[in-house]
Amino acid sequence: MGRQFRWLWAAYAVSAYGSGLGFGAFPLIAVLVLDASPAQVSALAAVGPAVGALIALPLGPWVEFHRKRPVMIAMDLARFAVLTTIPIAYAAGRLGFVQLLVVSAVVAATKIAFNAASGAYLKALVRPDDLLVANARFESTTWSSIAVGPPLGGAAVGLFGPVATIVADALSYLLSALGITAIRGREERPQRTGKHRVRAGELLDGWRHLLTHPGLRALYLNQLLVSGLIMASEPLLAVLLLGELGFAPGSTASPLPPPASAGSSAHAWPAVSSPATANTASCVPPARYA
C-alpha cells in the first residue's frame, strides 16, 4: 500500500497506544487529585463529550470543503495543546474540575472533526481493493493498544503520578501530527457543488438521513443502547475502586474487560471500508484516528 500508508499507520499506532495509556485518566485525576464526588465524575464523563459533540456540529461542512490532511494535523495539535494544560496546571497547583470539563469538551470536538477528515483521507490514500487490508491493520493495532495500554498506564500512574498518562497521551497526539505531516503528495481541495453558504438547517441533514434510513437508524440505536449500557457504570467504577475501596491506581487500570473497553475507547477512528461506515479510528478503526 506504499510508504504514505505506512506513515499514516505509524501515526495511528502512536496515537492509539497513547489513548490506551490514557484510558480512564480523567476520572482517575478527578478522584485522586480533586476528590470529586460521584456526581462530578459522572458529569465529567457525560458533559464534556456532549458539549464537544455540539461544538463539532458546524465543523462537518467546514471539514468537507477543506483538505483533510491539514485538518487532521490541526486537530492533533489542538488536542496536544489542550491536554498539555492539565499537567501544567497540576504542577502549579491550579488544576480544577472546570478545566477538566473544558478539556474533555475540546478533545471530544476535535476528535469528531479528526475522524470525519481521516475517514475521507484514508479512502483517498488507499486503493479501494486495499481498504479491507488497511482497516484490518488499524483494527489489530487498536485491539493491541486496548489490551496493553491500560495496565501500562496504571503502572505509570503508580510510578510517576496521576497526570503521567495525560502527558503520554498529549505527546502521542504530537507524534501523530508529525507522522501525518511526513506524508507527501498533493491533496486536491474539495470543490463546492454550489456557491451558497451552508445554512443552519443543512447542518442537521446528516441526522435526518441517519434517523429516517431504516438500516442506519437500527444500527445507530443499537450502538447507542449498547455503548450507553457499557458506559453507564464506567465513571463510577473509579469512584468505587479508588475512593470507597481504596484500590491503588495500578490495580484499577482496566476496570472493563477488553471488549467493553473497545466500546468506550476515547480515541476511535471510525471504521471505513466500502461502503464507509461510521470512536473512535473512520475509514479507519476504532481507536483514535478516524
Side-chain angles (χ1 to χ4, degrees), residues 16 19-20 22-27 38-61 63-64 75 79 101 103-120 135 138-139 142-143 145-146 150 200-239 254-273 275-290:
S19 297
F23 181 79
F26 279 15
Q40 286 178 308
V41 175
S42 298
L44 180 62
V47 174
V51 173
L54 291 175
I55 295 173
L57 185 62
L59 291 179
V63 171
E64 182 179 0
M75 297 302 104
R79 286 181 283 188
L101 282 176
V103 172
S104 176
V106 173
V107 168
T110 51
K111 172 199 161 189
I112 292 170
F114 181 96
N115 286 356
S118 63
N135 278 315
F138 281 115
E139 190 71 21
T142 296
W143 283 97
S145 69
I146 289 171
E202 294 176 338
L203 297 177
L204 301 177
D205 283 349
W207 282 104
R208 293 192 188 98
H209 178 69
L210 177 67
L211 296 176
T212 56
H213 188 286
L216 291 178
R217 182 175 63 244
L219 287 172
Y220 169 71
L221 293 176
N222 176 74
Q223 177 69 13
L224 185 66
L225 178 62
V226 172
S227 297
L229 291 174
I230 289 174
M231 293 304 297
S233 62
E234 191 272 338
L236 298 180
L237 282 175
V239 178
S254 187
L256 295 176
S261 299
S264 60
S265 176
H267 303 282
W269 278 37
V272 169
S273 49
T277 58
N279 29 235
T280 253
S282 11
C283 220
V284 192
R288 194 208 246 182
Y289 248 81

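Listed here is the closest heavy atom pair of P150 and S145: CD-O, 3.6 Å.
Of the listed residues (L225, V226, L224), just one forms a side-chain contact (heavy atoms from CB on, under 4.5 Å) with N222, and that residue is V226.
Separation of atoms CD (Q40) and CG (L44) is listed at 9.0 Å; rounding is to 0.5 Å.
Among pairs with a residue in residues 211-239, those fulfilling ring-ring contact (aromatic ring centres under 6.0 Å, His included) read W207-Y220, H209-H213, at least two apart in sequence or across chains.
Among residues two or more places apart in sequence or in another chain, the side-chain contact (heavy atoms from CB on, under 4.5 Å) test is passed with L219 by none. For V106, the side-chain contact (heavy atoms from CB on, under 4.5 Å) test picks out V82, V102, T110, with sequence neighbours left out.
Two residues are said to be in side-chain contact when any heavy atoms from C-beta on lie closer than 4.5 Å; F26 and V103 meet this criterion.
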